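Residue numbers run from 1 in the order of the sequence given. Just so it is clear, the values below take in all heavy atoms, side chains as well, and ignore hydrogens, waters and symmetry mates. Only a predicted model underlies this, so the values are computations on that prediction, with no experimental measurement involved.
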Amino acid sequence: MLDATILVAGGLSDGAPSAAAVELLTAARSLTSAAVVAVVSGKVDAAAWGNYGASRVLVADYAGADELVSAAGADAVIAAAHEVKPALILLGSDHRAKEIAGRAAVKLASACIADAACLEVVDQHVRASKLVLSGSWNTTFDLRADSGANPPLVCLRAGAVEAEPCGGAAAQVETLAVSVSQAAKRVEVVSHTEDEAAAGPQLAQARTVVVGGRGVDGDFDLVRSLAQLLNGAVGATRVACDEGWIERSAQVGQTGETIAPRLYIGLGVSGAVHHTSGIQGAGTIVAICDDSEAPIFEMADFGVVGDVSTVVPQLIEELAKTR
């Protein structure tokens, strides 16, 4: 275990830490016996952040710049790194966080690893592991983690860590003055629209995900019904999104979300590599497809060869009985 501060970039906050932030805080606590410090934008509930192990929370003051601009977010991470001199900086693995990490790594003359699935300390180095080449190869990186001016940055994949509170004391909340770069000042956010919140858990953080593919033939009510029974999130393959059966934000795979649920259920999903590369971290994979030769069955833990419109209603009926 390290004996040095770890900095967590908690993103945009509206009080309590987000689902991604609590996973990062949990991961940080498992790597160091020293302080865990967070840098965020927005409001902070000190007790909630302390409950997951943050001893300090630095609230970025952008002096009028837009906090939604990734370049400004990178400036905040750099300012926090100079303030606390961490051995390691942890971020989420969404598109904004990865852009922030890349920018900050260049400015800090350090390393950046995206989509890490596992972190551990080996001989006072941090070892980060991730899947590459569409999930066909696992690779590891050993990062020197010494407190100083060049801390490595790691974007941790959602679901890689099970978030656990530690019952810590309320975090000390401080304002962090950020020297906003010209790159950030040149960008103006003209409009910003939040995606309409879907029922159930968010796709990236969900412990159960039900994915609809070409085989559902546009019937995503069936997918949603099963997901609702299991308190899961609804996902989709690229084909289903291309057909307009569901919004693009539900896409799972190489060009969509990378997920790591405990339970993945594919309905009418053939298992093309651009989709399965996004589910390599899943615990148990269940596939229901009418094509016995579908590639999804090669990686499934449990497979049913049958028509989705016939099998799934029976599954929903049986699950409803157990409720």
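- Taking OG1 of Thr208 as the reference point, atom CG of Leu226 lies at 9.5 Å (rounded to 0.5 Å).
- The side-chain hydrogen bond (donor to acceptor under 3.5 Å, both in side chains) analysis of residues 297-318, with sequence neighbours excluded, yields the pairs Asp307-Ser309, Glu318-Lys321.
- Side-chain contact check for Val312 versus Ile288: some heavy-atom pair is nearer than 4.5 Å.
- The closest side-chain heavy-atom distance from Gln124 to Leu2 is below 4.5 Å.
- The shortest non-hydrogen separation linking Phe220 to Ala236 is CZ-CB, 3.8 Å.
- Between Val210 and Leu267, some side-chain heavy-atom pair lies under the 4.5 Å cut-off.
- Heavy atoms only, all atoms of each residue included: Ala158 and Gln205 are closest at CB-NE2, 3.8 Å.
- A heavy-atom distance below 4.5 Å is not found between the side chains of Val126 and Pro152.
- Atom CG of Leu88 sits about 13.5 Å away from atom CZ of Arg144, to the nearest 0.5 Å.
- Think of Val187 as one node in a network of Ile, Leu, Val, Met, Phe, Trp and Tyr side chains linked at under 4.5 Å; its network also takes in Leu12, Leu68, Val69, Val189.
- Cluster partners of Val209, using a side-chain heavy-atom cutoff of under 4.5 Å among ILVMFWY residues and allowing indirect links, are Leu203, Val211, Val252, Ile259, Tyr264, Val269, Ile279, Ile285, Ile296, Phe297, Met299, Val305.
- For Arg214, the side chain to side chain contact (heavy atoms under 4.5 Å, CB included) test picks out Val239, with sequence neighbours left out.
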Apply side chain to side chain contact (heavy atoms under 4.5 Å, CB included) to the pair Val223 and Val216, showing each step before the final yes or no. CA-CA 8 Å; Val223 181; Val216 303; 4.0 Å; yes
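- Within the 4.5 Å cutoff, the side chain of Val8 has no heavy atoms near those of the Val39 side chain.
- Here the CG atom belonging to Asp14 is positioned 12.0 Å from the OG atom belonging to Ser41, to the nearest 0.5 angstrom.
- Taking all atoms of both residues into account, the shortest heavy-atom contact from Gly10 to Ala21 is O-CB, 4.3 Å.
- Contact between Ser110 and Asn150 at its shortest, heavy atoms only, is OG-O, 3.1 Å.
- Transitive grouping of hydrophobic side chains (ILVMFWY, heavy atoms separated by less than 4.5 Å) keeps Val84 and Ile6 in distinct clusters.
- In this structure, Asp142 pairs ionically with Arg127, as a charged nitrogen and a carboxylate oxygen lie closer than 4.0 Å.
- Within the structure, salt bridge (Lys or Arg N to Asp or Glu O under 4.0 Å) contacts touching residues 248-275 (residues at least two apart or in different chains) are Glu162-Arg262, Asp242-Arg248.
- Here salt bridge (Lys or Arg N to Asp or Glu O under 4.0 Å) pairs that include residues 74-87, with residues two or more places apart or in two chains, are Arg56-Glu83.
- Taken from OG in Ser277 to CD in Gln254, the straight-line distance is 4.5 Å, to the nearest 0.5 Å.
- By the 4.0 Å N-to-carboxylate-O rule, Asp94 lies too far from Arg96 to be salt-bridged with it.
- Side-chain contact between Val173 and Leu58 is absent, with no heavy atoms from C-beta onward closer than 4.5 Å.
- Looking at Arg29 and Glu164, their side chains come closer than 4.5 Å, going by heavy atoms from C-beta outward.
- Under the salt bridge (Lys or Arg N to Asp or Glu O under 4.0 Å) rule, Asp115 has a single partner from Lys98, Lys130, Arg157, which is Lys98.
- Among all heavy-atom pairs drawn from Ala76 and Tyr62, the shortest one is CB-OH, 3.5 Å.
- The heavy-atom pair separating Val308 from Pro313 by the smallest distance is O-CD, 3.5 Å.
- Side-chain contact check for Ile100 versus Ser70: some heavy-atom pair is nearer than 4.5 Å.
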